[in-house]
Amino acid sequence: MIDIALDVQLPRQLRAVGHLRRTVRSLCVEMGVATDDVDALVLATSEACNNIILHADLDDTFEVRFRLRGHTARIEVVNENTPFLDLEQQAADPLSESGRGLQIMRHLCDEARFTTSGEGGTLVEMVRHVQATEGSLLDGPG
């Protein structure tokens, strides 16, 4: 079984999210994650990062932790300096102008939590169970 971890600290810039999307996509494809799951993971990661870019302080950086362990992908996006206000309330209100990204993340992942991080910032945690393509490395040697 594979166990891959990617931890990156990124500047609060849209182009950084583009680079991260390509990295996550490439990693998943190379390991043999099914196309639908790759697309969902890339979009969920992008939505979480975009929330930080929209809501964090201008000079903030943020951290993304991506882990692929067997058939389970875990994504954590952390902003330590600026909390998002009323994350759960925004995610629960389908008519709200903000919070749609949170709904998208919940739809794309088997688990999605939006909490305050230890330093008063925001932690987005998402888990998705993924399928393998034929000849995938997800199941280990074979």
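Side-chain contact between Val24 and Leu20 is present, with at least one heavy-atom pair separated by less than 4.5 Å. Using a 4.5 Å heavy-atom threshold, the side chains of Gln13 and Ile53 count as separate. Considering only heavy atoms from C-beta on, Thr61 stays 4.5 Å or farther from Leu10 through its side chain. At a threshold of 4.5 Å between non-hydrogen side-chain atoms, the residues Asn51 and Val77 do not count as touching. Contact check for Met105 versus Val124: side-chain heavy atoms found under the 4.5 Å cut-off. No side-chain heavy atom of Thr122 sits under 4.5 Å from any side-chain heavy atom of Ile52. Between Arg113 and Glu111, the closest side-chain pair of non-hydrogen atoms falls below 4.5 Å. Annotation: side chain of Met31 is in contact with side chain of Ile2 (closest heavy-atom distance under 4.5 Å).
With hydrogens and angles disregarded, no donor-acceptor distance shorter than 3.5 Å links the side chain of Asp37 to the backbone of Val33. The backbone N or O of Arg22 sits nowhere less than 3.5 Å from a side-chain atom of Ser26 that would complete a donor-acceptor pair. Put simply, the side chain of Arg25 never gets that close to the backbone of Val42: no donor and acceptor are under 3.5 Å apart. Side-chain atoms of Ser136 come within 3.5 Å of backbone atoms of Gly32 as a donor-acceptor pair (strictly under, hydrogens ignored).
Annotation: His107, atom NE2; neighbour count of heavy atoms from other residues, nucleotides and ligands within 6.0 Å does not exceed 12. Environment of CD in Gln131: sparse, with no more than 12 heavy atoms of neighbouring residues, nucleotides or ligands closer than 6.0 Å.
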side-chain contact (heavy atoms from CB on, under 4.5 Å), that's the test. Do Val130 and Leu41 meet it? Break it down for me.
CA-CA 9 Å; Val130 300; Leu41 291 169; 3.9 Å; yes
Run the numbers on Leu43 and Asp39 for side-chain contact (heavy atoms from CB on, under 4.5 Å), then give the verdict.
CA-CA 6 Å; Leu43 182 55; Asp39 293 342; over 6 Å; no
Quick one, Phe66 with Leu27, criterion side-chain contact (heavy atoms from CB on, under 4.5 Å). Give me CA distance, side-chain angles, the key distance, then yes/no.
CA-CA 10 Å; Phe66 181 86; Leu27 177 67; 3.7 Å; yes
Assess whether side-chain contact (heavy atoms from CB on, under 4.5 Å) is satisfied between Glu63 and Val8, documenting all intermediate values.
CA-CA 6 Å; Glu63 185 175 354; Val8 294; over 6 Å; no
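A side-chain contact (heavy atoms from CB on, under 4.5 Å) with Thr72 holds for exactly one of Leu138, Asp3, Val127; it is Val127.
Heavy-atom minimum distance, Phe62 versus Val17: CZ-CG2, 4.4 Å. Here the closest heavy-atom approach between residue Leu108 and residue Ala40 is recorded as CD1-O, 3.7 Å.
Between the CZ atom in Arg106 and the CE atom in Met126 there is a gap of 11.5 Å [rounded to 0.5 Å]. Remark: Arg128 CZ to Thr45 OG1 distance equals 11.0 Å, nearest 0.5 Å. Summarising the geometry, atom CG belonging to Leu68 is positioned 6.0 Å from atom CD1 belonging to Ile4; distances are rounded to the nearest 0.5 Å. Residue Arg12 holds its CZ atom at 11.0 Å from CG of Asn50, rounded to the nearest 0.5 Å.
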